[in-house]
Structures are given as C-alpha cells and as structure tokens.
Peer 1: 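Sharing a structure, written as structure tokens. Questions coming.
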Amino acid sequence: MASQSLPHGDSAGTFLGHPKGLFVLFFAEMWERFSYYGMRALLIFYLTKHWLFSDSDAGIIYGAYTALVYITPVIGGYLADRYLGQRKAVLFGAVLLTLGHFFMAFEGEPGAGNADNPVIYVFWLALALIIVGSGFLKANISVIVGQLYPRTDVRRDGAYTIFYMGINLGAAIGSLLCGYIGETYGWAYGFGLAGIGMLAGLVVFVLGKGLLLGRGEPPKALAKSKEMSVYLVGLLMVALCWIAIQNQDAVGVFLGTFGAALVCYVLSIAVFQLPYGNYNAAPSAAFYSFVGLSALLIVSMFFVSQGNAGWQLPATIGAGGVLSVMILQMIAKTDHDRDRIVAAMFLIFVSIIFWALFEQAGSSLNLFTDRHVDRGGVPASVFQSINAIYIILLAPVFATLWTVMGRKGIEPSTPFKFGLGVIQVGLGFLVLVWGAQSVGIDVPVPVIFIFLIYLLHTTGELCLSPVGLSAMNRLAPAQIASLIMGTWFFASATGNFAAGLIAAATGAEGVGEEAGKQVVLDVYSSVGWWAIGIGVGVMVVSPFIKKLMHLDTLADDNVGDDLEGQAEGPGEPQGAGIHPATKPN
C-alpha cells in the first residue's frame with residue numbers, strides 16, 4: 001500500500017488495514033494488563049495467607065489500593081498533556097510498574113503484617129509503584145491509539161475494538177497463569193511472572209517506538225530539566241502513595257472530603273456559571289446560599305469520613321440544601337447544558353454503587369471462592385479470569401444488540417441501562433446466596449454459581465461501563481469536559497474504596513467456617529436486595545433523567561471529536577485518562 005494513502009503518511013505501512021503502531025500498543029497494553037490482573041488475582045490471598053491480615057483489614061487495604069489506582073490517572077493524564085507527552089508518560093509508567101511487580105516477589109517471613117518485619121515496607125513500596133505506574137500508563141496509552149488516526153477516520157472504532165481485546169486477553173491470561181503459579185508454587189513465582197509480563201510490555205513499547213509515527217510526543221519542546229522535574233513529581237507521588245496505602249483511613253477521608261468538594265464545584269459551574277455567563281451575574285442570594293451549604297457539606301464530610309457520627313446530620317443538611325438550591329434554579333431558569341451536567345452527575349452517583357458491588361470480585365468474592373466453593377482443586381485466583389473471558393465473548397453481542405435496537409427505535413436510554421446494570425450486579429449476589437442455601441450451609445457451593453455471578457456481573461458491566469464513558473463525553477460541555485471525565489474516574493475510585501468497606505463487613509474471623517460463610521451470605525443478600533431496589537428506582541426515574549439530557553437539542557457529536565480512548569472498553573473506566581485530546585473547534 002502506498003504511503004500517501006495511509007493516515008498521517010504512515011511510512012511504516014499497515015497490518016490488517018491498521019497502522020503497525022496499533023499492534024505495538026496492543027501488545028504493550030496486553031502485557032501490562034497481564035501483570036496487573038495477575039497480581040490482582042493473588043493480592044487478597046497474599047494479604048490474608050502470607051501477611052496474615054484479617055479479612056476486614058485485607059479488604060480495606062485492597063479497597064484503598066484499587067481506589068488509588070483509579071485516582072492517579074487524573075494526575076498522569078494532566079502531566080502528559082501539559083509536559084511529557086503520552087509516549088514518555090507511558091514509558092515512565094511502564095518502568096515504575098515493572099519495578100513494582102518485581103518488588104512484589106520479595107516475600108519476607110510470613111505472618112508478620114506489621115512493622116516487626118521490615119519486608120512489609122517493600123510490599124507497600126511495590127503497591128505504591130504499581131499505583132503510580134498505572135496512573136501514568138493507563139491515562140495515556142489509549143490516547144496514542146486515537147492519535148494514530150485522523151479525527152474522521154472510520155477505522156477508529158475498529159482500532160479501539162482491537163486494542164480493547166488486548167486488554168481483556170491480557171487480563172484473562174494473567175489471572176489464569178499468575179494465579180495458578182502463585183497459589184501452586186509460591187507467591188514469589190506468581191508475582192515474578194507478573195513482573196516478567198510487565199517487562200515484556202516495556203520491551204515491546206521501547207522497540208516499537210518507530211512505529212508510533214511520532215505520536216504522543218510532548219506538546220512543545222521539553223527541556224531536560226523540566227522533564228526530570230516531572231519524573232521527580234512522579235517519584236514524589238510514589239512516596240505519597242506509600243504513605244497512603246499504609247493509612248487506609250486517610251484515603252477514605254480524602255475521598256469523602258475531596259469528593260464532596262468536587263461535586264459542589266461541578267454543580268456550581270452547572271447551576272450558576274453556565275446559565276448566567278459568570279458567577280457575578282447569578283442571583284446573589286441563591287449563589288451565596290449554595291456556597292454556604294457547600295462549605296457545610298464539605299466540612300461535615302471531613303468528619304463523617306473519619307467515622308464521627310455527630311456530623312452526619314450537618315452533612316445531610318448541607319447535601320439537602322445544595323440539592324434544594326439546584327432544583328429551585330432549574331425551575332427558575334432553563335439551561336440545557338446545566339441539565340445535562342445534572343444528568344451526568346446522577347449517572348456518576350449510580351456508578352459508585354455499581355463499582356462498590358462489582359469490585360467484590362477481587363476481594364470478598366475471591367476469598368469466598370477459596371473457602372466455600374467446590375472448585376475441584378482449581379486455585380481460586382484462576383476464577384478471576386472469568387469476567388475478562390465473558391467480556392471477550394459478550395461485548396460484540398451487546399454492541400450489536402444496542403445497534404439493532406437503536407435502528408428499530410427501541411434501544412433503552414442511558415439511565416435505563418444504568419438501572420439494568422445495577423439490578424444485574426445485585427441479582428448476581430442473590431443467585432450465589434440462593435445456590436449456597438439450596439445445598440446447605442455445611443456443603444461447599446457448586447462452582448456453577450460462581451460462573452453465574454460473574455456472568456450477571458459482566459452483563460451488568462456491559463450495560464454501564466462503556467455506556468457511561470460515552471455518556472460523560474456526550475453530556476459534558478466542551479469547556480468542562482475534562483472536569484466531568486475526571487469526576488467519573490473519581491467516582492470509580494470512591495466505588496472501589498466502598499467495595500473495600502463492604503468486603504471488610506464480610507470478615508468474620510474466629511466464628512467458625514460455617515458461621516463465617518453465613519456472615520458473607522448475609523452481607524451478599526443485603527447488598528443484593530439493595531442493589532435491585534436502587535436499580536429499579538433508577539429505571540423508574542430514567543425518563544426524567546433522559547429528559548434532562550436534552551438529546552433532541554444535542555448537536556451531532558459524531559465528527560471525530562470524541563474523547564480519545566473513551567471506547568477502550570468495559571472494566572477500564574480509568575483507561576481514557578481525563579483529558580479530551582480532541583475537542584470541537
């Protein structure tokens with residue numbers, strides 16, 4: 001194929017109709033996901049069986065770790081956009097990840113999950129390196145995929161489909177191999193294999209630099225001193241995460257306080273700045289009431305996040321007041337951009353509930369599979385691959401289903417799909433509880449029910465995760481698109497931390513195996529019914545939320561200005577970074 005017919009003058013040629021650089025990114029990301037999910041499959045067992053943390057402590061550590069993994073892409077994406085460029089950011093992230101995974105292989109003496117064993121600090125360092133490395137790599141590698149194509153290239157969706165298959169292929173194989181080897185031959189071998197996978201991804205990315213056609217380079221000439229400064233910021237982030245992962249309560253306080261501030265800030269823009277042009281032109285009484293109530297909410301959440309029950313009433317008053325002012329302003333003045341942001345915030349709150357339940361997979365559900373399921377001798381961590389395998393099989397089915405229904409005019413609205421997603425994740429827990437109770441509390445649960453819960457959770461995920469990424473980009477006005485996308489990722493982090501708290505509630509050490517199993521089933525039954533109730537409620541209000549989206553006046557956005565990376569696929573809500581690398585002119 002002649003070079004002049006290729007996108008951006010691709011002198012390196014194509015493979016299967018796509019620039020060869022796509023396959024460099026495919027394999028680099030596949031190996032990164034191999035290492036990440038391989039390590040994730042073993043982490044809760046490593047915490048409970050090697051370091052002998054209690055189930056409750058291990059669940060909270062796991063939740064804090066995954067929450068931080070979802071926060072760091074906000075910073076990694078910003079630093080790449082502003083200074084490094086995506087390629088250097090991905091390379092730096094890959095180096096940190098490789099070091100982190102290899103440090104995981106340092107076990108030390110078992111049974112000392114405390115300061116008595118200095119190797120525990122190496123473990124905390126390994127987690128910190130993986131957290132920050134993921135922030136630099138995951139925020140940016142998918143952006144380079146989009147940069148390989150012109151904005152209106154019809155192959156862009158196909159490129160992201162190929163790339164997304166690499167993600168789930170790596171996740172499936174990593175969970176299978178690292179999980180099996182780690183549980184069968186020793187932690188160091190499982191984590192070491194994850195490290196080898198990450199090293200392979202790093203090598204692929206370095207050797208394939210020439211095939212990236214200069215994409216993802218710094219936005220402007222980057223002095224060596226400034227580049228080194230950005231790397232130092234990255235190392236400072238590692239130090240901060242090293243401290244944070246050891247102080248999980250502080251992570252919860254940050255999420256609660258900063259989350260309240262972020263929501264109030266976004267709503268202030270939606271309710272006062274956009275409809276009136278600026279804050280000064282907005283009704284002063286309503287605006288200052290909003291500011292005062294927001295301050296009350298933020299301060300209250302600081303104390304509530306620390307477990308201070310006395311501040312729950314002030315927090316409720318603050319939240320109720322903020323919502324009341326918002327509703328009164330929506331009645332007083334019509335503004336479609338504001339309404340769309342309100343709809344987006346509603347979807348964001350629903351996503352927190354979904355991720356809090358879905359992310360039991362790597363923590364409490366992993367432990368339940370290990371202790372209470374008839375696995376036929378198969379290591380429990382291997383079952384972590386089921387979700388990725390289901391996604392590979394079912395994602396094309398769902399994509400086709402939505403397309404066919406859309407052509408017939410019967411496709412469910414985005415909020416309705418969100419309700420379906422939450423119902424399915426709740427139904428999955430109830431199916432597992434029913435399966436366990438049907439055979440008796442003293443009998444191992446048939447393994448078919450583990451396959452069923454993952455099936456329902458995956459179909460729920462396919463109703464929510466890719467749909468949510470698309471909705472955030474469609475609903476956010478261009479001037480605050482990054483802020484809305486950042487809020488979406490922050491919600492994912494909050495959901496992951498909440499997942500750790502739910503997992504902690506399933507911990508029942510010292511009460512015997514059968515009683516411990518019943519505690520888990522009671523928690524799963526409770527969250528399952530709550531999820532179904534919330535999901536039904538979301539479906540009931542979905543016509544109103546759809547009305548707030550004002551799809552009839554939404555300008556056609558199918559002109560190549562989508563957020564690069566938004567189609568990366570379900571299960572990866574942090575993957576696209578926070579930055580719309582392409583915006584309408």
Side-chain angles (χ1 to χ4, degrees), residues 157 160-161 164 336 339-358 387 390-391 393-431 452-476 484-485 488 491-492 495 528-558 562-563 566-573 576:
D157 286 351
Y160 278 115
T161 300
Y164 140 81
H336 287 190
D339 291 352
R340 292 187 187 111
I341 294 172
V342 171
M345 297 301 288
F346 175 84
L347 297 177
I348 284 170
F349 278 108
V350 175
S351 77
I352 293 175
I353 298 167
F354 177 86
W355 294 117
L357 301 181
F358 179 88
N387 172 243
Y390 277 149
I391 286 178
L393 296 174
L394 295 176
V397 176
F398 271 73
T400 303
L401 177 66
W402 300 141
T403 301
V404 171
M405 294 181 75
R407 287 173 181 165
K408 295 182 177 181
I410 57 174
E411 181 183 4
S413 66
T414 295
F416 195 90
K417 289 177 184 176
F418 269 55
L420 285 175
V422 176
I423 286 175
Q424 287 169 89
V425 79
L427 190 60
F429 285 115
L430 295 183
V431 166
L452 285 175
I453 187 175
Y454 280 118
L455 175 61
L456 286 163
H457 283 194
T458 302
T459 54
E461 181 184 6
L462 288 166
C463 286
L464 184 140
S465 184
V467 174
L469 275 173
S470 176
M472 293 307 107
N473 194 49
R474 291 182 73 195
L475 296 176
I484 294 295
M485 198 60 72
W488 170 260
S492 300
W529 284 113
W530 271 104
I532 288 178
I534 292 170
V536 170
V538 171
M539 292 167 67
V540 169
V541 302
S542 63
F544 174 70
I545 303 300
K546 180 182 178 182
K547 186 175 180 181
L548 289 178
M549 295 166 72
H550 296 292
L551 298 178
D552 54 329
T553 60
L554 191 64
D556 182 13
D557 63 351
N558 188 26
D562 288 351
L563 177 74
Q566 76 174 48
E568 186 170 330
E572 300 293 333

Peer 1: For residues Pro415 and Val538, report the shortest heavy-atom separation together with the two atoms involved.
Peer 2: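 Closest pair (atom of Pro415, atom of Val538, distance): O-CG1, 3.4 Å.
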
Peer 1: Say you draw a straight line from CD1 of Ile352 to CH2 of Trp488; how long is it, rounded to the nearest 0.5 Å?
Peer 2: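 Between Ile352 CD1 and Trp488 CH2, I get 10.0 Å after rounding to 0.5 Å.
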
Peer 1: Quick one: does any side-chain atom of Arg340 pair with a main-chain N or O of Leu548 as donor and acceptor, under 3.5 Å?
Peer 2: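 Not confirmed, Arg340 side chain does not pair with Leu548 backbone.
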
Peer 1: Looking at Ala531 and Leu357, what are the two nearest heavy atoms and their distance?
Peer 2: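 Shortest heavy-atom contact: CB-CD1, 3.4 Å.
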
Peer 1: Are the side chains of Phe418 and Ser542 in contact, using a 4.5 Å heavy-atom criterion?
Peer 2: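 Heavy-atom side-chain distance check fails, nothing below 4.5 Å.
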
Peer 1: Taking all heavy atoms of Ile348 and all of Ala491, pick out the closest pair and write down the distance.
Peer 2: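 Looking at all heavy atoms of both residues, the shortest contact is CG2-CB, 3.4 Å.
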
Peer 1: Where do Ala471 and Thr414 come nearest, in terms of heavy atoms and distance?
Peer 2: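 Looks like CB-CG2, 3.8 Å.
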
Peer 1: Do you know the tightest heavy-atom contact between Phe398 and Cys463?
Peer 2: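 Minimum heavy-atom separation between Phe398 and Cys463: CE2-SG, 3.9 Å.
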
Peer 1: Could you tell me the separation between the NZ atom of Lys547 and the NE2 atom of His550, rounded to the nearest 0.5 Å?
Peer 2: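 The NE2 atom of His550 is 8.0 Å from NZ of Lys547, to the nearest 0.5 Å.
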
Peer 1: Which residue in the set Asp339, Leu347, Ile341 passes side-chain contact (heavy atoms from CB on, under 4.5 Å) when paired with Leu475?
Peer 2: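 Exactly one pass, corresponding to Leu347.
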
Peer 1: Distance from Leu401 atom CG to Leu462 atom CG, nearest 0.5 Å?
Peer 2: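 One finds 10.5 Å between CG of Leu401 and CG of Leu462.
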
Peer 1: Heavy atoms, side chains only, cut-off 4.5 Å: are Ile453 and Val431 in contact?
Peer 2: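 A side-chain contact is absent here, since even the closest heavy-atom pair is not under 4.5 Å.
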
Peer 1: Heavy atoms only: give me the nearest Ser351-Leu464 pair and the separation to one decimal.
Peer 2: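 That would be CB-CD2, 4.4 Å.
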
Peer 1: Relative to the ring of Trp355, is the ring of Phe358 parallel (under 30°), tilted (30 to 60°) or perpendicular (over 60°)?
Peer 2: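 Perpendicular: the ring planes of Phe358 and Trp355 meet at over 60°.
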
Peer 1: Hey, does Leu394 have a side-chain heavy atom less than 4.5 Å from the side chain of Leu455?
Peer 2: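 Sidechains of Leu394 and Leu455: in contact.
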
Peer 1: Can you confirm whether Trp402 is buried at CH2, in the sense that more than 12 heavy atoms of other residues, nucleotides or ligands lie under 6.0 Å from that atom?
Peer 2: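 Counting other residues, nucleotides and ligands, CH2 of Trp402 exceeds 12 neighbours.
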
Peer 1: Is the centre of the His457 ring less than 6.0 Å from the centre of the Tyr390 ring?
Peer 2: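 Centroid separation for His457 and Tyr390: 6.0 Å or greater.
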
Peer 1: Can you measure from CG (Leu551) to NE2 (His336) and round to the nearest 0.5 angstrom?
Peer 2: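 With rounding to 0.5 Å, CG (Leu551) is 11.0 Å from NE2 (His336).
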
Peer 1: Could you tell me whether the side chain of Gln424 reaches within less than 4.5 Å of the side chain of Glu461, counting heavy atoms only?
Peer 2: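 They are not in side-chain contact.
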
Peer 1: Check whether any side-chain heavy atom of Trp530 lies under 4.5 Å from a side-chain heavy atom of Ile353, and answer yes or no.
Peer 2: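 In short, these two side chains do not touch, never coming nearer than 4.5 Å.
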
Peer 1: Got Phe416 and Ile545 here, is their nearest side-chain heavy-atom distance under 4.5 Å?
Peer 2: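 Phe416 vs Ile545: side chains apart.
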
Peer 1: Quick one: does any side-chain atom of Thr459 pair with a main-chain N or O of Leu456 as donor and acceptor, under 3.5 Å?
Peer 2: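 Judged by distance alone, yes, a pair lies under 3.5 Å.
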
